[in-house]
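All values below come from the heavy atoms of this structure, side chains included, with hydrogens, waters and symmetry mates left out. Chain letters run A, B, ... following the sequence lines, proteins first, then strands; residues in each count from 1.
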Number of protein chains: 2
Amino acid sequence: MDNRMRIGELARRAQVTIRTVRYYESIGLLPQGMREGSGQHYYTEDTLVRLRKIDQLKKLGLSLDEIREVVDFYFIDPSGVQSKQKVLSLLRQYLAQTDQKINELQQFSAELRTHIDYFERCFT
Amino acid sequence: MDNRMRIGELARRAQVTIRTVRYYESIGLLPQGMREGSGQHYYTEDTLVRLRKIDQLKKLGLSLDEIREVVDFYFIDPSGVQSKQKVLSLLRQYLAQTDQKINELQQFSAELRTHIDYFERCFT
DNA sequence: GATGAACGTTACGTTAACTTCATGTTTGTG
DNA sequence: CACAAACATGAAGTTAACGTAACGTTCATC
């Protein structure tokens, strides 16, 4: 596989802008691409996977700060972590929040259905 | 019931700041409280209910613009609306978006559970 | 070896949803 | 009536998450 990907290809394949990639690098959410002499950065498939994951989490409504807290769990090896209890409690916290939000959204969905029914009934 | 509520009480009972109430009034999301002579605004329970609904929808991730589009449906009579087809398609669009988001969140929830399982298994 | 597309860096601009500040008016309680 | 708490209004500041502009460098291909 070709592991010499520049920022343009990385951005295009992840469906984000170049500016976004650089912004994520600047805040440490994405690792800097290796610079090979000339000044240009080169990226790997791993970075692409991570970038896509970040984008996915963002669409769920997580802020970049929140994403920073959880995205590593997709890529790190748990056996190397010292404070597993802390990580676990963080994960459980996010799980509770997520499930709570699912419930609220389901209620909103039901309300929308009610409104739709009301309006549909007006056509009879 | 006492229907002479001023902005402080309204804000406090809806768990938002006074500034937020005024901001919502300024962008037309909340009706202006009636001014009784002196310049101060007085609000009703209806406004409080509306304000709470706005806050609830905001927590679901809707923007104030989006809230403006749907919040009226909680309080108006459908039979009085002229462009019912338009409203219906709008509501169906929000329903689809919401259900989509529920699905994605459920997937995220499952992923979180997987990670938690991983970490828990490390303690054995 | 020229030349256009892609890249790098710095800095200012933008939008949403407010907050903070400044300053003046109204209310209500002792 | 004094006086603090609550209210009104306007303008400027804030944060997140980038977008846009300006300007110089590098890559690749003809």
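Listed for the R92(A) side chain is no donor-acceptor partner under 3.5 Å among the backbone atoms of I116(B). Listed for the S63(B) side chain is a donor-acceptor partner under 3.5 Å among the backbone atoms of E66(B). Not a single donor-acceptor pair under 3.5 Å links the side chain of R22(B) to the backbone N or O of T17(B). The backbone N or O of Y94(B) lies less than 3.5 Å from a partner atom in the side chain of T98(B), making a donor-acceptor pair.
Taking atom CZ of R4(B) as the reference point, atom C1' of dC7(D) lies 14 Å away to the nearest angstrom. In this structure, E9(B) atom CD and dA6(D) atom P are separated by 12 Å, rounded to whole Å.
Looking at heavy-atom distances under 4.0 Å, R12(A) makes no contact with the nucleic acid at all.
Residues E25(A) and Y43(A) bring a donor and an acceptor atom of their side chains to less than 3.5 Å of each other. Side-chain contact of K53(A) with Q56(A): a donor-acceptor pair under 3.5 Å is present, judged by distance alone. Between the side chains of Q40(A) and R6(A), at least one donor N or O lies within less than 3.5 Å of an accepting N or O.
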**Q.** Letter per nucleotide, 5' to 3', of nucleotides 11-28 of chain D [B base touched, S only sugar-phosphate touched, - untouched; heavy atoms, 4.0 Å]
**A.** B-----BBBB-----SS-

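First and last contacting nucleotides of DNA chain C toward chain B (any atom under 4.0 angstrom from a heavy atom, 5' to 3' order): dA17(C) to dT27(C).
Across residues 67-74 of chain A, not one residue has a non-hydrogen atom less than 4.0 Å from an atom of DNA chain D.
Q82(B) contributes atom CD, which lies 11.5 Å from atom OG of S79(B) (distance to the nearest 0.5 angstrom).
Electrostatic pairing of R50(B) and D55(B) does not count as a salt bridge here, judged by no charged N lying under 4.0 Å from a carboxylate O.
For an aromatic pair to be called close, the ring centres must be under 6.0 Å apart, and Y118(A) with F73(B) fails this.
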